[in-house]
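I have placed the structure first, in the form of structure tokens, so that the comments after it can refer back to it.
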Amino acid sequence: MLSNHSIDIVVQAALDEDAPWGDLTSAVLIPEDAVATARLEAREPGVFSGTAVFAAAFHLTDPRIEVRPFVQDGDSFDTGATLAEVTGPARGILQAERIGLNFVQRMSGIATLTARYVAETAGTTARIVDTRKTTPGLRALERQAVRDGGGHNHRFSLSDTVMAKDNHLAILAAGPLGLTEALLEVRAKLSHTTHFEVEVDRLDQIDDVLAAGIDTIMLDNFSSEDLLKGVQQIAGRAIVEASGGVSLDTVRAIAASGVDVISVGALTHSVHSLDLGLDVAIRVSAPAGFAL
């Protein structure tokens, strides 16, 4: 799960990049005692993600800023909905607004797209999962957004799972052992708790991989007809993942083949950031009871 510590690290880095020595414009234009109220407004419908990340942008800039969300992560909303309200020192709100918006727009875009894929596979047993095709440094946030959209996460990093893909298999094939024997040799080195996945791109590879007792077999860029044959050939002896050529136009047919998992790189590598806006109203003096 996304921790407050990991959020703070990512958000602080973004704030430092955007205002390394403060916000010069607000410092010279906005009175020091000015307070503001800003509302996060939806300019298109979607699924919300990033509440804690959005709030962190303001809290790390000025702890006196209060963020009040009106929706929860995973909630759907319509155009015109008010999603959150931000109140506090105006300089801090203006300094943090772009970073807060950048994160919540991207995360909500990912959640919205994920929800569309999940809806397309309704009634099947297939899970929609993400891939490692994430923005460097933002993987934890983008993975949370996928979950908020109703999807699931693949391995988080190269350290989590043994996953032999085409390049790995090509190197193994150059050795003295056959595919099954090579995979069995690798399996013997692993802890019993380590998941082992192998990618295949042809039906005739499946039996050799099954003979090695592999946990998950990825059918990469298979046609709809071959996906169905692959699922039947595996016959429940391993988890079946489909990958490659997945879009909103194709995902329903892929899910109907009976695969267990569909990995979709587009969830994070080519997503549209949702159009959200922050409308700010500034007061020059603080209201009664508000300490600046």
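Just so it is clear, the structure is predicted and the values come from calculations on it, not from any experiment.
Hydrophobic clustering (side-chain heavy atoms under 4.5 Å, transitive across Ile, Leu, Val, Met, Phe, Trp, Tyr) keeps Val261 apart from Met163. There is a path of hydrophobic side-chain contacts, each under 4.5 Å, that joins Val118 to Leu248. Hydrophobic clustering of Ile, Leu, Val, Met, Phe, Trp and Tyr side chains at less than 4.5 Å, counting indirect connections, keeps Ile214 apart from Leu184. Val104 and Val146 fall into different hydrophobic clusters, defined by Ile, Leu, Val, Met, Phe, Trp and Tyr side-chain heavy atoms under 4.5 Å apart, directly or through other members. Leu267 and Val129 are not part of a single hydrophobic cluster, where members link through side-chain heavy atoms under 4.5 Å apart.
Under the 3.5 Å distance criterion, the side-chain polar atoms of Gln205 are matched with a main-chain donor or acceptor of Arg202. Asp75 contributes a side-chain N or O that, together with a main-chain N or O of Gln72, makes up a donor-acceptor pair within less than 3.5 Å. Side chain of Arg98 to main chain of Leu94: no donor-acceptor pair is present (N/O by atom type, distance under 3.5 Å, no hydrogens or angles). For Glu199 (side chain) and Asp166 (main-chain N/O), a donor-acceptor pair under 3.5 Å exists by modelled atom type. A donor-acceptor pair under 3.5 Å links the side-chain atoms of Thr114 to the main chain of Ile110, judged by distance alone. Here the side chain of Asp160 pairs a donor or acceptor atom with the backbone of Ser157 at under 3.5 angstrom. Looking only at distances, a side-chain donor or acceptor of Thr268 sits under 3.5 Å from a matching main-chain atom of Lys133. Without hydrogens or angle criteria, Ser243 side chain to Asp220 main chain gives no donor-acceptor distance under 3.5 Å. A donor-acceptor contact shorter than 3.5 Å links the side chain of Ser223 to the backbone of Asp226. Proximity of a side-chain donor or acceptor of Thr112 to a complementary backbone N or O of Val47 within less than 3.5 Å is detected.
Separating the OG1 atom in Thr180 from the CG atom in Asp208 is a distance of 4.0 Å, to the nearest 0.5 Å. Between the CG atom in Leu169 and the CG atom in Leu183 there is a gap of 6.5 Å [rounded to 0.5 Å]. Distance check, rounded to the nearest 0.5 Å: CG of Leu101 to CG of Leu274 gives 11.5 Å. Note: Arg68 CZ to Thr51 OG1 = 14.0 Å, rounded to the nearest 0.5 Å. How far CG of Leu83 is from CG of Leu40: 4.5 Å, rounded to the nearest 0.5 Å. Atom-to-atom distance recorded for Arg147:CZ and Leu2:CG is 7.0 Å, nearest 0.5 angstrom.
Scanning all heavy atoms of the two residues, the minimum distance from Ala266 to His269 falls at N-NE2, 3.5 Å. Between Ser49 and Asp148, the shortest heavy-atom distance links the atoms OG-OD2, 2.7 Å. Closest of all the heavy-atom pairs between Ala27 and Arg91 is O-NH2, 3.2 Å. Nearest heavy-atom pair, Ala38 versus Leu278, reported as atom, atom and distance to 0.1 Å: CB-CG, 3.8 Å. When all heavy atoms of Asp62 and Pro89 are compared, the pair lying nearest together is OD2-CG, 3.5 Å. Across all non-hydrogen atoms, the minimal contact from Thr161 to Arg155 is O-NH1, 3.6 Å.
Comment: Arg143 engages Asp130 in a salt bridge, judged by a side-chain N to carboxylate O separation of less than 4.0 angstrom. Salt bridge Arg106/Glu142: present, at least one basic N to carboxylate O contact under 4.0 Å. Checked for salt-bridge contact, Arg39 and Glu85 meet the test: a charged N lies under 4.0 Å from a carboxylate O. Using a 4.0 Å cut-off between charged side-chain N and carboxylate O, Arg116 and Asp249 make no salt bridge. With respect to the salt-bridge test (charged N to carboxylate O, under 4.0 angstrom), the residues Arg187 and Asp215 qualify.
Contacts of Glu17 classified as salt bridge (charged side-chain N to carboxylate O under 4.0 Å, His left out), with partners at least two apart in sequence or in another chain: none.
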### Query
Can you check side-chain contact (heavy atoms from CB on, under 4.5 Å) on Val259 and Ile262, steps first, answer last?
CA-CA 7 Å; Val259 298; Ile262 304 173; 3.8 Å; yes
### Task
With side-chain contact (heavy atoms from CB on, under 4.5 Å) as the test, would you mind laying out the steps for Asn221 and Asp201 before giving the verdict?
CA-CA 7 Å; Asn221 282 302; Asp201 52 23; over 6 Å; no
### Query
Could you walk me through whether Val246 and Tyr117 pass the side-chain contact (heavy atoms from CB on, under 4.5 Å) check?
CA-CA 10 Å; Val246 183; Tyr117 274 92; 4.1 Å; yes
### Task
Begin with the C-alpha distance, continue with both residues' side-chain angles, and end with the deciding distance and a verdict on salt bridge (charged side-chain N to carboxylate O under 4.0 Å, His left out) for Arg43 and Asp279.
CA-CA 12 Å; Arg43 295 171 179 166; Asp279 299 324; 3.8 Å; yes
### Task
Using the side-chain contact (heavy atoms from CB on, under 4.5 Å) rule, take Phe156 and Asn153 through it: C-alpha gap first, then chi angles, then the decisive distance, then the call.
CA-CA 7 Å; Phe156 187 81; Asn153 298 145; over 6 Å; no
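Side-chain atoms of Ile171 and Asn167, non-hydrogen and from C-beta on, never get closer than 4.5 Å to each other. Put simply, the side chain of His195 reaches to within 4.5 Å of the side chain of Thr216, judged on heavy atoms. The closest side-chain heavy-atom distance from Thr61 to Leu15 is below 4.5 Å. Taking the side chain as every heavy atom from C-beta outward, Ile65 and Thr87 never approach each other to under 4.5 Å. Side-chain contact between Gln233 and Asp207 is present, with heavy atoms from C-beta onward closer than 4.5 Å. Side chains of Ile7 and Ile9 form no contact here, defined as non-hydrogen atoms less than 4.5 Å apart.
A donor-acceptor contact under 3.5 angstrom links the side chains of Thr134 and Arg139, judged on distance only. Between the side chains of Glu44 and His272, a donor-acceptor pair is found at a separation under 3.5 Å. Under the 3.5 Å distance criterion, with hydrogens and angles disregarded, no donor-acceptor pair is assigned to the side chains of Thr121 and Thr124. Side-chain atoms of His59 and Glu66 include no donor-acceptor pair closer than 3.5 Å. A side-chain N or O of Glu241 and one of Ser263 form a donor-acceptor pair less than 3.5 Å apart.
Of the candidates Val28, Leu24, Ile30, Leu29, Ser26 forms a side chain to side chain contact (heavy atoms under 4.5 Å, CB included) with just one, namely Ile30.
Atom CG of Asn4 is surrounded by 12 or fewer heavy atoms from other residues, nucleotides or ligands within 6.0 Å.
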